[in-house]
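Taking it in order: structure first as structure tokens, then the write-up.
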Amino acid sequence: MSTQELFEKASYLVKHAPAKESTNEEKLKVYGLFKQATVGDVEGSQPWAVQVEARAKWDAWAANKGMSKEDAQKKYVEHVAAGDAKWQEHEVLKNYSK
């Protein structure tokens with residue numbers, strides 16, 4: 001399976017699986033990798049510090065600046081696999097189709 005296919009499968013799982021206990025830091029890491037993998041380098045200017053959520057998301061995305069989309073996809077899949085080594089066997093993926 002290609003990196004792109006694994007990324008799409010992992011993204012589907014993250015989007016459709018029941019919410020997992022995870023810290024804001026973990027959620028922001030996944031968000032930043034997802035944005036880097038799908039859009040590329042961060043766009044726009046950094047939000048003001050009083051815009052806490054927008055600023056945190058922007059910072060998480062900016063942390064991956066310069067990383068190729070393929071490398072971001074690999075790291076995203078690695079992060080999902082670190083949380084669940086058997087993620088590809090998850091029940092939610094039975095409904096997944098490319």
Side-chain angles (χ1 to χ4, degrees):
M1 193 173 284
S2 74
T3 300
Q4 177 71 32
E5 291 170 329
L6 282 172
F7 171 73
E8 290 172 2
K9 193 173 183 179
S11 297
Y12 181 90
L13 177 64
V14 169
K15 184 175 181 180
H16 293 94
K20 244 177 121 174
E21 277 292 319
S22 53
T23 66
N24 280 342
E25 185 177 306
E26 291 170 330
K27 290 175 188 175
L28 287 169
K29 181 171 180 68
V30 169
Y31 173 83
L33 288 170
F34 180 83
K35 292 296 279 186
Q36 189 69 23
T38 57
V39 179
D41 285 344
V42 69
E43 300 170 343
S45 59
Q46 185 179 43
W48 291 18
V50 294
Q51 297 171 303
V52 178
E53 183 177 346
R55 174 76 174 255
K57 286 181 172 183
W58 192 93
D59 288 346
W61 185 2
N64 300 301
K65 189 172 185 176
M67 184 184 298
S68 71
K69 287 185 176 185
E70 185 173 358
D71 284 345
Q73 290 174 350
K74 287 178 185 175
K75 287 192 178 287
Y76 185 94
V77 171
E78 288 169 7
H79 190 76
V80 171
D84 181 2
K86 295 183 179 184
W87 71 272
Q88 292 192 62
E89 300 168 15
H90 197 284
E91 187 175 321
V92 168
L93 292 174
K94 291 178 183 173
N95 298 324
Y96 174 75
S97 64
K98 172 125 172 59

(request) Could you pull out the closest heavy-atom pair between Glu70 and Thr3, with the gap in Å? (result) OE2-OG1, 3.7 Å

(request) Write down the atom of Leu33, the atom of Ala72, and the distance for their closest heavy-atom approach. (result) O-CB, 3.8 Å

(message) Starting from Val30, can I reach Val39 by hopping between I/L/V/M/F/W/Y residues whose side chains sit under 4.5 Å apart?
(response) no

(message) With a 4.0 Å cut-off on N to O distance, would you call Lys57 and Glu53 a salt bridge?
(response) yes

(message) Do His16 and Leu93 make a side-chain contact, defined as non-hydrogen atoms from C-beta onward lying under 4.5 Å apart?
(response) no

(message) The criterion is side-chain hydrogen bond (donor to acceptor under 3.5 Å, both in side chains); which residues satisfy it with Asp41, sequence neighbours excluded?
(response) Gln36

(request) Could you tell me whether the side chain of Asn64 and the main chain of Ala60 form a donor-acceptor pair under 3.5 Å? (result) yes

(message) For Lys9, is the NZ atom crowded, meaning more than 12 foreign heavy atoms sit under 6.0 Å from it?
(response) yes

(message) According to salt bridge (charged side-chain N to carboxylate O under 4.0 Å, His left out), who are the partners of Asp59, at least two apart in sequence or on a separate chain?
(response) Arg55

(message) Using 0.5 Å steps for rounding, measure from the CD atom of Gln73 to the OG atom of Ser2.
(response) 8.0 Å

(message) How close do Glu26 and Glu21 get, counting heavy atoms only, and between which atoms?
(response) OE1-O, 4.5 Å

(request) List the atom of His90, the atom of Pro18, and the distance in Å for their closest heavy-atom pair. (result) CE1-CD, 4.3 Å

(request) Looking only at non-hydrogen atoms, find the nearest pair between Tyr12 and Val92 and report the distance. (result) CE2-O, 3.6 Å

(request) Hey, could you give me the NZ/OG1 distance between Lys29 and Thr23, rounded to the nearest 0.5 Å? (result) 11.0 Å

(message) Would you compute the distance between atom CG of Leu28 and atom NZ of Lys35 and round it to the nearest 0.5 angstrom?
(response) 13.0 Å

(request) For the pair Trp87 (side chain) and Ala82 (backbone), establish whether a donor and an acceptor sit closer than 3.5 Å, ignoring hydrogens and angles. (result) no

(message) Hydrophobic clusters here meaning ILVMFWY residues chained together by side-chain heavy-atom distances under 4.5 Å, can you tell me if Phe34 and Leu13 are in one?
(response) yes

(message) Return the CG to NZ distance between Leu6 and Lys74, rounded to the nearest 0.5 Å.
(response) 11.0 Å

(message) Can you give me the closest heavy-atom contact between Val77 and Ala10, atom names plus distance?
(response) CG2-CB, 4.2 Å

(request) Just say parallel, tilted or perpendicular for the rings of Tyr76 and Phe7, cut-offs at 30° and 60°. (result) perpendicular

(request) Supply the atom-to-atom distance Asp84 CG to Lys20 NZ, rounded to the nearest 0.5 angstrom. (result) 5.5 Å

